[in-house]
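Note that this is a predicted model, so its numbers are computed, not measured. As a basis for the values below, the full set of heavy atoms in this structure was taken, side chains included, without hydrogen atoms, waters or symmetry mates.
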Amino acid sequence: MKKFIKIIALILVFALVLPLTYGTGFLIGTIQNKNNEENGYKKPVEKLNVMTLNICSWSFDGKDLETRADGIAETIRENKVDSIGIQEATPYWMNELVNRIGDEYAYIGVGGNSGKDYKESDDPEDEFTAIFYLKSKFTVVDSSYFWLSKTPDEISYGWGSAYRRICNWVILENKYTNTQFVHINTHFDNASSEARRNSIGMILNKVKEFKDLPVVFTGDLNFIEKSLGYKDITADVLKDTKVLAKDTMNSATFHNADPNAFKDIVLDYILINDGFKALKYEVVKEKYNKRYISDHYAVVANLQVVSGQ
């Protein structure tokens with residue numbers, strides 16, 4: 001009987017001392033962890049907002065560049081974008097964007113005409129299909145670029161293209177969860193259907209290189225949804241977030257300041273592999289100070305990393 005009383009006393013002392021030493025959270029956490037083990041632990045759902053936007057490199061519809069740059073920066077912030085692929089960014093535009101969102105966003109990407117960072121390019125028409133990302137949230141694991149041509153490692157035109165078209169890509173890692181994903185961004189040629197067709201193959205091959213990671217591909221692809229190009233690029237490893245998302249919308253993405261004339265023209269896409277699930281797709285039509293921010297609308301997709309990636 002004395003042994004039994006001694007054991008009970010020790011248990012009571014342990015129960016009183018342990019919370020004082022480790023905090024009540026120790027006991028609560030132990031119970032929760034036990035329940036988690038019994039019920040099966042699940043990682044928290046990880047989501048992110050990805051945007052694509054052709055910013056229109058020249059003065060658009062009589063709208064000065066500075067005003068549109070403010071509108072683009074505001075559109076990025078309002079939509080709480082994690083990463084954005086832009087098209088038609090000249091060195092001037094890159095500088096304007098960095099000045100406006102550089103405190104929050106870093107970028108990767110070199111110009112199609114120079115193969116250099118915008119600060120080093122001496123070509124005012126050099127196009128940057130750069131990717132901006134939240135620098136407080138992500139670190140760059142790897143990044144590179146290639147030209148959409150027969151010689152992807154050299155500054156080059158591809159298959160009768162009107163411009164030198166470059167593709168930039170980056171692997172980003174979430175600083176807090178260590179989850180990685182790939183963002184690929186480009187601008188297909190407007191003049192050559194052969195260039196667009198061959199560019200599709202190059203993009204699909206690049207996506208397949210990242211088979212173990214979630215991949216999002218953004219771009220102004222210069223073909224519409226009813227085209228053979230659209231059918232080809234969505235028939236393999238990439239699918240359209242507009243089609244996949246339950247919360248979606250039908251809208252043109254190119255308007256040229258006359259939405260009624262271009263109401264069916266979709267040129268801008270956010271495509272994903274099976275490492276992502278599309279939750280929401282939206283074409284952002286809001287103006288800034290009663291002005292369009294570009295001749296294209298911004299497109300945003302809310303994505304969820306698929307468990308196990």
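Looking at heavy atoms from C-beta onward, V98 lies in side-chain contact with Y118 at the 4.5 angstrom threshold. Between S83 and Y105, the closest side-chain pair of non-hydrogen atoms is not below 4.5 Å.
More than 12 heavy-atom neighbours from other residues, nucleotides or ligands sit within 6.0 angstrom of CG on D258.
The salt bridge (charged side-chain N to carboxylate O under 4.0 Å, His left out) search around R77 returns E104, not counting sequence neighbours. By the side chain to side chain donor-acceptor pair (under 3.5 Å) test, T90 is found to be paired with no residue, residues two or more places apart in sequence or in another chain being considered. Evaluation of the salt bridge (charged side-chain N to carboxylate O under 4.0 Å, His left out) rule for E88 yields no partner, not counting sequence neighbours. Checked against ring-ring contact (aromatic ring centres under 6.0 Å, His included), Y230 has the following partners two or more places apart in sequence or in another chain: Y269. For K208, the salt bridge (charged side-chain N to carboxylate O under 4.0 Å, His left out) test picks out D236, with sequence neighbours left out. Partners of E209 according to the salt bridge (charged side-chain N to carboxylate O under 4.0 Å, His left out) rule, which considers only residues two or more places apart in sequence or in another chain, are K206. Scored by the ring-ring contact (aromatic ring centres under 6.0 Å, His included) test, F188 finds no partners at all (sequence neighbours excluded). Under the ring-ring contact (aromatic ring centres under 6.0 Å, His included) criterion, F132 pairs with Y107, not counting sequence neighbours. Scanning for ring-ring contact (aromatic ring centres under 6.0 Å, His included) contacts around Y163 gives an empty result, with sequence neighbours left out.
Here the closest non-hydrogen pair linking R68 and Y292 is CD-O, 3.7 Å. Taking both residues in full, the closest heavy atoms of E225 and D240 are given as OE2-OD2, 4.5 Å, listed atom of the first, atom of the second, then distance.
The stretch residues 182-203 participates, sequence neighbours left out, in these salt bridge (Lys or Arg N to Asp or Glu O under 4.0 Å) pairs: R165-D189. Residue pairs meeting the side-chain hydrogen bond (donor to acceptor under 3.5 Å, both in side chains) criterion with at least one member in residues 130-145, sequence neighbours excluded: D82-K137.
No option in I166, I203, N168 other than I203 meets the side chain to side chain contact (heavy atoms under 4.5 Å, CB included) test with T186. Screening T52, N222, D220 against Q87 for a side-chain hydrogen bond (donor to acceptor under 3.5 Å, both in side chains) leaves a single residue, T52.
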Give every donor-acceptor pair under 3.5 Å between a side-chain atom in residues 260-267 and any protein atom, sequence neighbours left out.
none

| F181 and F210: side-chain contact (heavy atoms from CB on, under 4.5 Å), yes or no, with the steps? | CA-CA 9 Å; F181 77 96; F210 303 113; over 6 Å; no
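A continuous path of ILVMFWY side-chain contacts below 4.5 Å connects F217 to L213, so both sit in one hydrophobic cluster.
For the residue pair K242 / N250, a side-chain donor-acceptor distance below 3.5 Å is found, with atom types taken as modelled.
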